[in-house]
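These notes are about the structure you will find just below.
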There are 2 protein chains.
Amino acid sequence: MRALAVEDDPRIAADLQAALTAAGFRVERTGDGEEAWFLGDTEDYDIVVLDLGLPSLDGLAVLKRWRANGRTMPVLVLTARGTWQERVEGIEAGADDYLPKPFRMEELIARARALVRRAGGHAAALQEVGDLSLDTNRMGVAIRGVPVQVTALEYRLLAYLMQNRDRPVPPTELLEHLYGDDDAREANALEAVIARLRRKLGSGVIGTRRGFGYFLESA
Amino acid sequence: MRALAVEDDPRIAADLQAALTAAGFRVERTGDGEEAWFLGDTEDYDIVVLDLGLPSLDGLAVLKRWRANGRTMPVLVLTARGTWQERVEGIEAGADDYLPKPFRMEELIARARALVRRAGGHAAALQEVGDLSLDTNRMGVAIRGVPVQVTALEYRLLAYLMQNRDRPVPPTELLEHLYGDDDAREANALEAVIARLRRKLGSGVIGTRRGFGYFLESA
DNA sequence: CCCCGATTGTCAGCTTGCTGTCAGGTTGCC
DNA sequence: GGCAACCTGACAGCAAGCTGACAATCGGGG
């Protein structure tokens, strides 16, 4: 289990390293944004703990550049204060979880473990249902093996449906997952995304059960 | 699947019980800390939903005493507000997951299921009475194993009858459950739904006891 | 700092199928 | 027999969901 800790405050960084090590991770650590970006882009980590307030290159920017390059390791973001905007920005940048400062090391460890478990320990990078396959490492989508280009939002929608492939997911839940309940969107926004996806993927991939929700067709 | 719901607000408690039951759990419920502790210590539950603000014995104290006694069932904690102190305290006391109030029932159910699954008790949310079976996960209905398509309203009706399989449910109660007493419907609306369901499911599934209500036939 | 293209939310109008109502029938109970 | 509870088929209204167009916004590059 390799972990990367990106944190510029030396005291917190030391604590972080100690706690992660105690939890059984092999820890590398940096306080510099550029270096963090380089490490995350070239090395394979099971979990990254990323502080947003960094010198030289902002944490959010680092995260975005990783995601843009197709890096999908779980990232736990530390925000200075749990402001609403930071949360949204972080989600959009591709963070997997949050922790507002100040926090308890125990909670951080618990969440980090949960993320690693959820990521399946780098195991099944390819998930399939019906004609659709998701490559969770490259954030890639393919229909019957033919790659299809999708946007970040569309990908997150597909990933969520994939994660809940055994049930129809109600629109309310999808809206909440995609945007967070803080900033409301019209229900129609979701329908628009679905429509665009269906045009790209063809019919017979995303199904609707009127009154229940959306699901990935398995046959 | 047995669940224990510990919640002192009667309204929330009722919702909780309804949602968990609908999700296929056998639910026991208490609003008292001492009783909660006793139940959790002596009975085997697949999941416990624990509100922190309790009279007589604080939720956190209950949780700690369970853990001290070696009880390891998954516990989902409801916190009044998602303050980080409360979350940290909860983690230290041995909670497995959190939900800040207010929350969506769907999310609670999803998390409860995740916890149960993680704990190894594969949640086969299948409820049966007579020839009828409800898969509360897929929101699917089957007669003698043969899938039948039902609408959302029809499904909710069946689920409610399933919850109350041991008694006939009076039409007034069904109307209130399906629509809420705000917007009134003619009693006949219900009869129409019943009729449509009977056509789909065949006879011998939904029974009527004149003057008492509807019920699922058990033999 | 501005420009340009890609992404994404909103709007309007449409399709589809669910569902409440109505009218009339049936059943059980006094 | 009469009344009230309940059943059922038909049908129209309506709401959930779909789609194309457009505008706002975002993000990257100069």
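Below, chains carry the letters A, B, ... as their sequence lines are ordered, and counting in each starts from 1. As the structure is a prediction and not an experimental result, all values here were calculated from the model. Note: hydrogens, waters and symmetry copies are ignored here, and every other heavy atom, side chains too, is used.
Remark on DNA chain D: of its neighbouring residues B:R199 and B:P171, the 5'-side contact belongs to B:P171, judged by nearest-heavy-atom nucleotide.
Between A:Y214 and the phosphate of D:dC18, there is a side-chain N or O to OP1/OP2 separation shorter than 4.0 Å. Between B:T151 and C:dG17 there is no side-chain N or O to OP1 or OP2 distance below 4.0 Å. Taking only side-chain nitrogens and oxygens, B:T208 comes nearer than 4.0 Å to OP1 or OP2 of D:dC7.
Distance, B:I194 CD1 to D:dA5 C1': 14 Å, rounded to whole Å. Remark: P of C:dG20 and CD of B:E154 are 10 Å apart, rounded to the nearest angstrom. Rounded to whole Å, atom P of C:dT8 lies 12 Å from atom CD of A:Q149. Summarising the geometry, the separation between CZ on A:R156 and P on C:dT7 is reported as 15 Å, rounded to the nearest angstrom. Between A:L197 atom CG and C:dT7 atom P there is a gap of 12 Å when expressed in whole angstrom units. Rounded to whole Å, the distance from CG on A:L190 to P on C:dT10 is 12 Å. Whole-Å rounding puts the A:E191 CD to C:dT10 C1' distance at 12 Å. A:I206 places its CD1 atom 11 Å from the P atom of D:dT19, with the value rounded to the nearest Å.
Residue A:Y179 places its side chain closer to C:dG9 than to any other of C:dG9, C:dT8, C:dG20. Residue A:N188 places its side chain closer to D:dC18 than to any other of C:dG9, D:dC18, C:dG17. Of all nucleotides listed (D:dG17, C:dT27, D:dT8), D:dT8 comes nearest to the side chain of B:R198. Of the candidate nucleotides C:dC11, C:dT16, D:dT19, D:dT19 has the atom lying nearest to any side-chain atom of A:A195. Minimum atom distance to the side chain of A:A192 is reached by C:dT10, of the listed D:dG17, C:dT10, D:dT8. Among C:dC18, D:dT8, D:dA10, the nucleotide with an atom closest to any side-chain atom of B:R196 is D:dA10. Closest to the side chain of A:R210, out of D:dA4, D:dA16, C:dT10, is D:dA16.
Between A:L63 and A:L50, some side-chain heavy-atom pair lies under the 4.5 Å cut-off. Taking the side chain as every heavy atom from C-beta outward, B:L161 and B:F215 never approach each other to under 4.5 Å. By the 4.5 Å heavy-atom criterion applied to side chains, B:R29 and B:L4 are not counted as neighbours.
Residue-level contact check: B:L153 touches the backbone only, with heavy atoms under 4.0 Å from sugar-phosphate atoms and none from bases. B:E186 comes within contact range of the sugar-phosphate backbone alone, with a heavy-atom separation under 4.0 Å but no base atom that close.
Between A:F212 and B:Y155, the ring-plane angle classifies as perpendicular under the 30° and 60° cut-offs.
The existence of a salt bridge linking A:E173 and A:R167 is confirmed by a sub-4.0 Å separation between a basic side-chain nitrogen and an acidic carboxylate oxygen.
For the residue pair A:T208 / A:R198, a side-chain donor-acceptor distance below 3.5 Å is found, with atom types taken as modelled.
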